[in-house]
Amino acid sequence: FGSRPPFLCSVHPSPRVLHTMAKRTSTGGDSNGKAAKLGDDELCIRTIRMVSADVVQKAASGHPGAPIGCAPMAHVLWAKVMNYSASNPDWIARDRFVLSNGHCCALQYTMLHMTGYNVTMDNLKAFRQLGSNTPGHPENFMTAGVEVCTGPLGQGISQACGMALAQSHMAGTYNKPNFPLFDHYTYVICGDGCMQEGISSEACSLAGHLKLGRLIVLYDDNNITIDGATELSFSEDVNKRYEAYGWHVQTVEDGNSDYEAIAKAIEAAKAVTDKPSFIKVKTVIGFGAPTKQGTAGAHGSPLGPEEIKKMKEAAGAAQEDFLIPDEVYAYYKKAPGAAAESKWNAMFAEYEKAHADLAAEIKRRFYTKELPKGWKEALPSWKPGDKAIATRQASQQVLNGFAPKLPEFVGGSADLTPSTLTKWNGAVDFSPKTPEGRYVRWGVREHAMSAMCNGMAAYGGFIPFASTFLQFTGYALGAVRLTSLSRFQVIYVMTHDSIGLGEDGPTHQPVEMLAQVRAQPNLLVLRPADGNESSGAYAAALQNRTGPSLLCFSREGCEHLEGTSADKVAKGAYVLKENADAKVTLVGSGSQMQLCVKAAGLLKIPVRLVSLPCTELFDAQSADYKASVFKPGVPTLSVEAASSMGIEGVYAHASLCMRQFGQSAPGGEVYKFFGFSPEGVAEKAEKLVAFYEGKPVPNLLDRLVFPAVPTGH
């Protein structure tokens, strides 16, 4: 056609001449019944825009502007670029797609519907409604075809960096001559908010350093955020920033209509294999909406019936809501994904003949998801009298045992390897020259480290791990929360877990962090008391396949206690020393269990000892088992050098705990200053017994606990 259809006309038209990518044409009627000939691409893009607006309007909630503006990008990706399988969404060689600006999800749901995924028209009409698989932001466990939870801005692009790392590692490990099994790409659409969140800077810096060449990001540069124009708070040259990160950078001047330029930019990006690619695509938010395009009014609320009516009129589209022409469905059926899957399956069959052991390992990691034989037998054990060691040192020995047997265990420390002791014997660094390496040098990037582990978990075939000091979990909590929500198996190895770390002082001493992470749903928090419990903590984490585990290890030395058990860690709490005549129960976790044992030797009264390495696992036990651990009628004193929130009044009648920040001094002195000594524990135990003398001791387990409501989450 000689001129652009109205719905493709830019507010600031590009001088670039629009070239049609498709020869076939389709007819779309306007409100007056007039016919306008559109190429297949134009019809698809117009349909995406109109349906996305309808989706948000029907829900009376959502974000229509970005889906409308990003429609050409989405069309090019799904119709011409990506390999995917709607009938097999978990096909391991698929291209991965991440919508980092998750508020734009009306776009993703529309694309999933039109390309044949299990998102029905009724699902589109139930956008943001209870029980629908089209929630208000993408959730990987709710919608087939959604790889990761996005919405908290910056998380999506950061998880995509983890996916690209995973692809690079799998290619370096399993690709062989004539068998490029893992050669797919990770594609991202993101917006201005993702560029402003600090986590994206962390992750993209590392992606550039690692030369993750199969990561391609499309940046929707529409100059609008919720507050208004981005110039209110954001004026940097984003392209130069990404060039400084070591990315290949391009710009598409007219993302509203020049879909051919978008396609060409992606092809150019794919040709650069030693750098991730960043494509700034200039768009108008709410493109085509007569009074709201280019304004914050198109961002976070429905356009309104009158605005949509006029937008459809201007575009030459019928007024019918949710109208998807048959030609559009037919066009997306021609997408290359199905043929690519068949071709890949044939290649894998030949690979299996040539490399049977490697093929079996791939199938185990992605399909059966069973842990390899012998991993549990590789866990070390200790006996009383063995040399006392910090539990972080016990953790290192546990890693030395099982990590060589578990190729899917990949990760590292945030620039604290000599302190966290997370590099096992023989581990090779992951790098551009050694992509088969399994130890990742995350740098001082705790937040990105955690998000990239989420991306690796989403990729499949990995048990990623991340490590830093427990206090610095605070830097990572935004991503750690998504780990739990997404049901990803990520293992967080957190050391220096109390005021016992000493001289670094209260900035580094975790006081509130245990309570914070224990409050998070679907997160196992394990704090082992000695070497045996350290083995048990890793065993529990490795078998926790539907969520993350956070392991807390000490800096200070811990004796190997009589009665500790790796197997009993799975119960969450267990009796370390029973006494039928006990006047008090001492319960502890981590290195404070040592104090409980020593205090028991000082007390002149009968004492029971309970180890509590994991409250979440204990809460899942039967009522009878719980009553056998915390005996009714016996007052309980908990001992943890941390906040007692979630412990005191739940398992313990009183707590020796931290109710303020710590101090800078050698760890032993800090402990004594706050009363954490055998004598201090014994004194508190005596006071607790005296307090309940002649009084009934409340049974803390005898309380009404309402269960979680099943939600699909």
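Numbering starts at 1 and runs along the sequence shown.
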* Check whether the ring centres of Tyr459 and His184 lie less than 6.0 Å apart, and answer yes or no. =>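 Yes - the distance between ring centres of Tyr459 and His184 falls below the 6.0 Å cut-off.
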
Min side-chain heavy-atom separation [X]-[Y] under 4.5 Å:
| X | Y | result |
| --- | --- | --- |
| Phe553 | Gln396 | no |
| Thr422 | Thr495 | no |
| Arg545 | Ile463 | yes |
| Leu77 | Leu218 | yes |
| Gln592 | Ser498 | yes |
| Ile362 | Phe348 | yes |
| Thr564 | Trp382 | no |
| Cys552 | Val525 | yes |

Indicate every side-chain donor-acceptor pair of residues 203-215 with a distance under 3.5 Å to a residue at least two apart or in another chain.
| unit_1 | atom_1 | unit_2 | atom_2 | d |
| --- | --- | --- | --- | --- |
| Ser205 | OG | Arg445 | NH2 | 3.0 |
| Arg214 | NH1 | Asp183 | O | 2.3 |
| Arg214 | NH1 | Tyr185 | OH | 3.3 |

Are the side chain of [X] and the backbone N or O of [Y] linked by a donor-acceptor pair below 3.5 Å?
| X | Y | result |
| --- | --- | --- |
| Asn400 | Asn425 | yes |
| Asn532 | Ser565 | no |
| Ser549 | Leu524 | no |
| Asp357 | Ala360 | no |

Can you name the nearest heavy-atom pair linking [X] to [Y], along with the distance?
| X | Y | result |
| --- | --- | --- |
| Glu556 | Ser591 | OE2-OG, 2.6 Å |
| Cys105 | Gly136 | SG-O, 3.3 Å |
| Leu477 | Gln516 | CD1-NE2, 3.4 Å |
| Ala93 | Leu181 | CB-O, 4.0 Å |
| Pro528 | Leu526 | CD-O, 3.5 Å |

Does [X] have more than 12 heavy atoms from other residues, nucleotides or ligands lying within 6.0 Å of its [atom1]?
| X | atom1 | answer |
| --- | --- | --- |
| Lys626 | NZ | yes |
| Met347 | CE | yes |
| Phe182 | CZ | yes |

[X] side chain to [Y] side chain, donor-acceptor N/O pair below 3.5 angstrom:
| X | Y | result |
| --- | --- | --- |
| Glu533 | Ser611 | yes |
| Glu512 | Gln471 | yes |
| Gln155 | His447 | yes |
| Tyr245 | Ser201 | yes |
| Tyr439 | Thr417 | yes |

* To do: Mind checking salt bridge (Lys or Arg N to Asp or Glu O under 4.0 Å) for Asp619 and listing every partner two or more places apart, or none if nothing turns up?
  =>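 Once residues adjacent in sequence are excluded, Asp619 has no partner under the salt bridge (Lys or Arg N to Asp or Glu O under 4.0 Å) criterion.
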
* What residues, two or more places apart in sequence or in another chain, satisfy salt bridge (Lys or Arg N to Asp or Glu O under 4.0 Å) together with Arg518? ->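 Partners of Arg518 by the salt bridge (Lys or Arg N to Asp or Glu O under 4.0 Å) criterion, ordered by chain and then number, come out as Glu640.
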
* **Sole candidate of Phe409, Tyr492, Phe402 that passes ring pair (Phe, Tyr, Trp, His ring centres under 6.0 Å) when paired with Phe465** =>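 Exactly one candidate clears the test, Phe409.
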
* Asked: Mind checking what makes side chain to side chain contact (heavy atoms under 4.5 Å, CB included) contact with Pro372, not counting sequence neighbours?
  ->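 If we apply the side chain to side chain contact (heavy atoms under 4.5 Å, CB included) test to Pro372, skipping adjacent residues, the hits are Arg364, Leu406, Glu408.
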
* Measure from NZ or CZ of Arg441 to the centre of the six-membered ring of Phe430, then state whether that distance is under 6.0 Å and the direction lies within 45° of the axis. =>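 So Arg441 doesn't make the cation-pi contact.
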
* Can you name the residues that form a ring pair (Phe, Tyr, Trp, His ring centres under 6.0 Å) with Trp247, not counting sequence neighbours? ->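 Scan of Trp247 (ring pair (Phe, Tyr, Trp, His ring centres under 6.0 Å), adjacent residues dropped) gives Tyr242.
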
* **Geometric class of the Trp91/Trp344 ring pair [parallel <30°, tilted 30-60°, perpendicular >60°]** =>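 Perpendicular: the ring planes of Trp344 and Trp91 meet at over 60°.
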
Please set out all donor-acceptor pairs under 3.5 angstrom arising from side-chain atoms of residues 140-154, sequence neighbours excluded.
| unit_1 | atom_1 | unit_2 | atom_2 | d |
| --- | --- | --- | --- | --- |
| Asn140 | ND2 | Ser486 | O | 3.2 |
| Thr143 | OG1 | Asn133 | O | 2.5 |
| Glu147 | OE1 | Arg94 | NH2 | 2.9 |
| Glu147 | OE2 | Arg94 | NE | 2.8 |
| Thr150 | OG1 | Leu99 | O | 2.8 |

* Might you work through the ring pair (Phe, Tyr, Trp, His ring centres under 6.0 Å) test for Tyr187 and Tyr84, ending with a clear yes or no? => CA-CA 12 Å; Tyr187 295 96; Tyr84 56 90; over 10 Å; no

* With rounding to the nearest 0.5 Å, note down the distance linking CE in Met163 to CE in Met456. =>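 Between Met163 CE and Met456 CE, I get 11.5 Å after rounding to 0.5 Å.
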
